[in-house]
Amino acid sequence: MMSIVERELELKLVLSPERSIPVPARLTYRTDDPYAVHIAFHIGSESPVHWTFARELLVEGVFRPCGHGDVRIWPTKVAGRGVICVALTSPDGDALLEVNSAAVAAWVERTLRVVPPGSEGDRLGLDEALAELLAPLPADDLWLSDPWASDDAPSQDGEA
């Protein structure tokens, strides 16, 4: 059975050290995709902007700087309150976002209760899929039997 853990929250898109704008977003975790977290940013366009990255990255980013390349996450304080900074890089541009660290930490904790760390692979059903893929089919018997008569069998014309 698939479970979904979601959280609506407001991030701040940092435009400069003095200016930021609110960006509504939805964090989503699905047990059928247990290694990933999904963020949908509602930026006023017809469709939200979606990002997907490793749940482990967000788990670690709550406590210490992590990531490289397209997604980097680190905890810090802004005006005396704890925030998580998320830096996103794409061919379309870069974004620096801030989100309340308590809200993210509580959401991450909920995902860890649903699928504990180290048990993600159990959710993928790889063993069952592999067993089904390798299970013999009735037609496999044709391939396993010898389609040619044995060389020791007498031929049709009576010669051996």
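Counting begins at 1 with the first residue of the sequence.
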**Asked** Do you know the tightest heavy-atom contact between Ala95 and Leu13?
**Response** CB-CD1, 3.9 Å

**Prompt:** Do you reckon Phe63 sits in the same ILVMFWY cluster as Val86, going by side-chain contacts under 4.5 Å, direct or chained?
**Reply:** yes

**Asked** Linking I/L/V/M/F/W/Y whenever their side-chain heavy atoms sit closer than 4.5 Å, directly or via other members, would Trp51 and Val59 fall into one cluster?
**Response** yes

**Request:** Output the distance between atom CZ (Phe53) and atom NE2 (His38), rounded to the nearest 0.5 Å.
**Result:** 10.0 Å

**Prompt:** Same cluster for Leu15 and Leu88 if Ile/Leu/Val/Met/Phe/Trp/Tyr side chains link at under 4.5 Å?
**Reply:** yes

**Prompt:** What's the shortest heavy-atom distance between Cys66 and Leu57, and which atoms?
**Reply:** SG-O, 3.2 Å

**Complete:** For Val5 and Trp107 the tightest heavy-atom approach is O-NE1, 3.3 Å

**Message:** I need the Thr52 OG1 to Arg30 CZ distance, nearest 0.5 Å.
**Reply:** 7.5 Å

**Asked** Which atoms form the tightest heavy-atom contact between Glu98 and Cys85, and what is the distance?
**Response** CG-SG, 4.1 Å

**Asked** So how far is it from Ser101 OG to Trp74 CH2, rounded to the nearest 0.5 Å?
**Response** 14.0 Å

**Asked** Considering all heavy atoms of both residues, which atom of Ala25 and which atom of His42 are nearest to each other, and what is their separation?
**Response** CA-CD2, 4.1 Å

**Under 3.5 Å donor-acceptor, Ser3 side chain and Thr31 backbone** = no

**Request:** Could you point out which residue of Val108, Val115, Asp33 forms a side-chain contact (heavy atoms from CB on, under 4.5 Å) with Arg55?
**Result:** Val115

**Prompt:** Would Val71 end up clustered with Val99 when hydrophobic side chains under 4.5 Å apart are linked, directly or stepwise?
**Reply:** yes

**Request:** Look up atom OG1 in Thr111 and atom CG in Leu27, then write down how far apart they are to the nearest 0.5 Å.
**Result:** 10.0 Å

**Prompt:** With sequence neighbours left out, what residues match Glu8 under salt bridge (Lys or Arg N to Asp or Glu O under 4.0 Å)?
**Reply:** Arg26

**Item:** Heavy atoms from other residues, nucleotides or ligands near CD of Glu10 exceed 12 (cutoff 6.0 Å)
**Value:** yes

**Request:** Could you grab the distance from atom CD1 of Ile73 to atom CG of Leu58, nearest 0.5 Å is fine?
**Result:** 5.0 Å

**Message:** Main chain of Ala36, side chain of Tyr29: is a donor-acceptor contact present, judged purely on distance under 3.5 Å?
**Reply:** no

**Asked** Do the side chains of Ile84 and Val14 join up, straight or via other hydrophobic residues, at under 4.5 Å, putting them in one cluster?
**Response** no

**Request:** Please report the shortest heavy-atom distance between Pro117 and Leu112, naming the atom on each side.
**Result:** CG-CD2, 3.7 Å

**Message:** Working to the nearest 0.5 angstrom, can you tell me the gap between Ile21 CD1 and Leu97 CG?
**Reply:** 9.5 Å

